[in-house]
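Excluded from the calculations below are hydrogen atoms, water molecules and symmetry mates; all remaining heavy atoms, backbone and side chain alike, are included. Here is the naming used below: chain letters follow the sequence lines, and residue numbers restart at 1 for every chain.
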Amino acid sequence: MTTAMIETTRQIQYREALREAMSEEMRADKRVFLLGEEVAEYNGAYKISQGMLDEFGPKRIIDSPISENGFAGLGIAAAMHGLRPIIEFMSWSFSLVAADQILNNAPKMLYMSGGQWGCPIVFRGNDGAGGQLASTHSWCVEGLFANVPGMHMAIPSCPYDAKGLLKTAIRCNDPVFFLESERMLGDKGPVPEEEYTIPFGEAILRAEGDDCTLVSFGRPVNFCIEAMVELAKEEISCDVLDMRTIRPLDIDSIVRSVKKTGRLVVVDQSWPFASPATEVITQVCERAFDYLDHQPVRVNSDDVPTPYAKELEQAYLPHKGKIIEAVKSTLGLV
Amino acid sequence: MTTATASKGRDRKTGASAMLPDDTLLGWLRDLVLIREFEIRTMQAYSNAQIGGFCHVYNGQEAVVVGTFAATIKDDPIITAYRDHGHALARGMDPKACMAEMFGKTTGCAKGKGGSMHMFDRPNNLFGGHGIVSAQTPLGAGLAFATKYENEVLGEGEKRISLCFLGDGALNQGALHEAMNLAGIFSLPVIYIVENNGYSMGTAIHRGTTMSDKLEAKAAAYGIESLTIEDGMDVCAIYDKFKPFADACRRDQKPGFVDLKTYRYQGHSMSDPQKYRSKDEVGSYQELDPILTLKGQLIEDRGCLTEEDFKAMQKEVRAIVREAVKFAENSPSPDPRTELYSDVFTDPLPNSSPSGPYTHGEANHLTRGDA
């Protein structure tokens, strides 16, 4: 676990942080290329790759037709052959049509080949509810895909982490599923000019407290911080652990915190059944059961298809109010 | 029912194979015999329950790999589906590593982690062996993308082509159509070779595939030039047609599509009762047997082989295959304590799994060269 971030006054958007990570790594290593829908001439469906075509040219910033299964597989074999592909899914929701390639091939290639061919590839794109996109476009794939061995899964909650984790992902010799959030692309945060990377499997402690451990991944970390601020007004203090990666999972930091607070709330934007939240809770029960003063509580999206109507979508997603209620329940206050 | 088509109208004296020395064609014959004899042993071992899982043998189709590989260089990537033993052997994999893999032994090409359907051979640029129908076709496009990128962006390597083999059943998977569109749009030097044996499992091609008598139309839809090889049981006929086609794809760094008509003598897999075709049909193709055809050409046309030479070749190959079986039988099974959790990650990180730490894999037997 870490608490250290490089101090800076420079503020950039989450999307700019992603772009900086890709551009810096592409300057450093000509084997790195970006391929996806609308990444080049359109400058990115969400403007993440804006300007990259101008700098790197069409042989390295490559517009793909809408063929997720095809271009995911293309990237996998390019990685096996020695290149360093970044494959952009406009949304992770669209990765489902590429499931065979990203789940059957990328994470299993090294094993199936008896160690002959690894797959140094990054799949990245928007994950989670984007804002009234309804059921098919609002996937939180972490619940589904984290079940598969053989890949790392990173999920940054802020611009600083978006850049540092993506640079690590691009340099990684194994497949990385990199889950971004459309809702955060315009968020600004401190990102230093100087070079840095963030290691996989090391959580960061966003806030320190004694009463309850809040564990989260990606965008909902920000809701945990909002809840922590509100709870502090009622003199309830929380550790807020931003896991940064789901696989590897920095369970040691979680266990250390739970041993201090005795209470655990896990906030995870995927559905509750067999989710990262249930995995965290299972591992805590295996390793720190005797330290728990209350049963662990999970805050997930509700177990229904993602609705369209604003009121329904808001009710469905994890948010500050649900987290406050969950923390209070562990303290016997509700 | 399909019918066997004999070589017609081809002049063996002017084809590309006619220019090759006797030794090259004798080498082809030896490869054909090696694959045939190897698969006979494979079937025996499967019947003896020494090989598990799914197992698909190559008998009858041997000319496909021998004839097409002859048009490649060693740096050309090769990828195929699950009927892959012939590809492994023709590409140069040690028969011991191939057999040991099926026996699930540590000395197998994938240390016993892949099995019959997953023959990988890095030293020979064989990128598998893939079990999901057509899953290898986007990968084929990616291999071609990589060689072209290396050549054009990194300034590394010469112009290469990638051969991506598929069965006729794979024609109906979306993956192939996405892959061919990408290959067409990006002008990727990949050649999709349909090993058209007439059946996807038990479904005759016309029952599952539109335009089955004119598969080149599918390639045309993606702007890809195609080649149809009717006499795909004849290794020289394959080479004569495929070599100039492959050379053009290499020179122009563009994709190709080949409808290569062949036939499998055995069932789809080892558990296929074959009620969908007649013995007469199988027999009609066995009359065109690739080994007998090439043997006849070498004895009659070239005069570089005698019956005695052929018998000696068979004897030598059978000894190699017997040795491969013995090697597989005597090789150690993988130890779960070291092998279960290795080769999951190139660089294992702590806390990646709740069930145990991942470890570095031992160097592969093929890449280490001691199979």
Heavy-atom nearest pair, Asn69(A) first then Glu178(B), reads N-OE1, 3.3 Å

Heavy-atom side-chain proximity of Ile62(A) to Phe186(B) below 4.5 angstrom
yes

Less than 3.5 Å apart, any donor N or O on the side chain of Tyr149(B) or Arg31(A) sitting next to an acceptor on the other?
no

With a 4.5 Å heavy-atom cut-off (strictly below), which parts of residues 335-347 of chain B touch chain A? List them by number.
Glu339(B), Leu340(B), Ser342(B), Asp343(B), Val344(B), Phe345(B), Thr346(B), Asp347(B)

Between Phe145(B) and Phe33(A), ring centroids under 6.0 Å:
yes

Take Lys59(A) and Lys148(B), measure what side-chain contact (heavy atoms from CB on, under 4.5 Å) needs, and give me the verdict at the end.
CA-CA 10 Å; Lys59(A) 286 191 190 301; Lys148(B) 194 169 184 175; over 6 Å; no

Measuring heavy-atom distances to chain A, does Pro77(B) have an atom under 4.5 Å in its side chain, in its backbone, in both, or in neither?
side chain

Exercise: identify the closest heavy-atom pair between Ser352(B) and Arg247(A):
O-NH2, 2.9 Å

Quick check on Met151(A) against chain B: is it the side chain, the backbone, both or neither that has a heavy atom closer than 4.5 Å?
backbone

Considering non-hydrogen atoms only, spot the tightest contact between Pro350(B) and Pro248(A) and give its length.
O-CB, 3.3 Å

Top of Gly114(B), Pro354(B), Gly361(B) for chain A proximity - count of heavy-atom pairs under 4.5 angstrom
Pro354(B)

Taking the side chain as every heavy atom from C-beta outward, state whether Leu74(A) and Pro138(B) have any pair of such atoms under 4.5 Å apart.
no

In terms of the angle between their ring planes, are Phe127(B) and His81(A) parallel, tilted or perpendicular, with boundaries placed at 30° and 60°?
parallel

Taking all non-hydrogen atoms of both residues, which atom of Ser113(A) and which atom of Ala110(B) are closest, and how far apart?
C-CB, 3.6 Å

For Ala77(A) and Leu139(B), work out which heavy atoms get closest and say how close.
CB-O, 3.0 Å

Does Thr367(B) offer a backbone N or O that forms a donor-acceptor pair with the side chain of Gln116(A) under 3.5 Å?
no

Can you find a heavy atom in the side chain of Leu83(A) that is under 4.5 Å from one in the side chain of Glu150(B)?
yes

If you take all heavy atoms of Leu182(B) and Ser64(A), which pair is closest and at what distance?
CD2-OG, 3.9 Å

